[in-house]
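Just so you know, these numbers come straight off a predicted model, no measurement behind them.
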Amino acid sequence: RDWGFPELTDEENFLIIESLLKNKMRKYILNRATGKITDIMEDDLEKYVKLKQYPGGQKKIIALSNLNALYSLDLDTPGEKAVLARNVSNFELFGSKILYATIAPTILYEKDLNSNDTTQITQTPIINFDNAGKMLRSDDGHIAIIDNKKTLFLYNNEKSEFEQIARTIV
C-alpha cells in the first residue's frame, strides 16, 4: 500500500523530520539503521527553513537559515555548524554539488562539496527568482530554473545567460 512517503535509497541513512510538539516546532534526524533520534539544534534567533541530507549517506545535513546563511551541520557534533555561503535565498542539492541563489540581486552559484570549490554561474542578476523558485540540474550539468512567475529558463553556457523556454509551468 502506498502511503505517500518518499522512497529512500540505501545511501540515505537519515530521515529529516519536523514536527509540532507543545506548540513548538522541533526538527530532528532519525537514523534509519539504529533508530536513534538526534535533535537539530537551533537558537531563538536563527531557525532552519530548509534541510537536505548530504550525499552518500554522510552524517551531515545542509541547512538554510532564516538569516540567509547556508550551513553544513555535522551530526556527530550537534550545535556546531560550518558556513558554506551567506546571503542565500534558496538552494538545491544535486549529488555532491549545491546550486544556490543569493538574495537580491540574485546571482546563481554552484559549490562542490568534495573540493569545496565555488563557481559563479550567472554574471548578471536573475529577475523574479526567490525562495519560491526552483533550480534544476541535469547529470551532465545543464542548469534550468523556474522563477516565481512559473516561467522556465535554461542556462545557455555559450551566452552565459538564461533563455526562456516555457511559461506557466505547473
Using a 3.5 Å cut-off and no angle test, enumerate the donor-acceptor pairs between side-chain atoms of residues 75-86 and protein atoms at least two apart in sequence or in another chain.
unit_1 : atom_1 : unit_2 : atom_2 : d
Lys81  : NZ     : Glu46  : OE1    : 3.0

Review item, side-chain donor-acceptor pairs of residues 157-165, under 3.5 Å, at least two apart:
unit_1 : atom_1 : unit_2 : atom_2 : d
Lys159 : NZ     : Glu163 : OE2    : 3.3
Glu163 : OE2    : Asn156 : ND2    : 2.9

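The closest donor-acceptor contact from the side chain of Asn148 to the backbone of Gly133 lies at 3.5 Å or more, if one exists at all. In terms of modelled atom types and a separation under 3.5 Å, the side chain of Gln58 and the main chain of Lys60 share no donor-acceptor contact. A distance-only check finds a donor-acceptor pair linking the side chain of Asn68 to the backbone of Val88 [under 3.5 Å]. No side-chain donor-acceptor contact under 3.5 Å links Lys150 to the backbone of Arg167. In terms of modelled atom types and a separation under 3.5 Å, the side chain of Thr34 and the main chain of Lys36 share a donor-acceptor contact.
The structure places NZ of Lys27 at 10.0 Å from CD1 of Ile61, a figure rounded to the nearest 0.5 Å. The distance from atom CD1 of Ile62 to atom CG of Leu113, rounded to the nearest 0.5 Å, is 5.0 Å. A distance of 7.5 Å separates CG of Leu51 from CG of Leu73, quoted to the nearest 0.5 Å. Taking CD1 from Ile169 and CG from Leu152, the interatomic distance works out to 5.0 Å, rounded to the nearest 0.5 Å.
The environment of CG in Asp139 is sparse: at most 12 heavy-atom neighbours from other residues, nucleotides or ligands sit within 6.0 Å. With a 6.0 Å radius and a threshold of 12 heavy atoms from other residues, nucleotides or ligands, Lys50 has its NZ atom above the threshold.
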Determine, step by step, whether Lys97 and Asn114 satisfy the side chain to side chain donor-acceptor pair (under 3.5 Å) criterion, reporting the C-alpha distance in whole Å, the side-chain angles of both residues, the deciding distance to 0.1 Å, and the verdict.
-> CA-CA 8 Å; Lys97 297 186 185 286; Asn114 293 330; over 6 Å; no
Evaluate the salt bridge (Lys or Arg N to Asp or Glu O under 4.0 Å) criterion for residues Lys134 and Glu92: first the C-alpha distance (whole Å), next the side-chain angles of each, then the deciding distance (0.1 Å), finally the verdict.
-> CA-CA 8 Å; Lys134 304 282 184 217; Glu92 285 301 331; over 6 Å; no
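Using cut-offs of 30° and 60° for the angle between ring planes, the Tyr109 and Tyr100 rings count as parallel.
When hydrophobic residues (I, L, V, M, F, W, Y) are linked wherever their side-chain heavy atoms come within less than 4.5 Å, Ile127 remains an isolated member.
Side-chain atoms of Ser96 and Tyr54 form no donor-acceptor pair, as typed in the model, at a separation below 3.5 Å.
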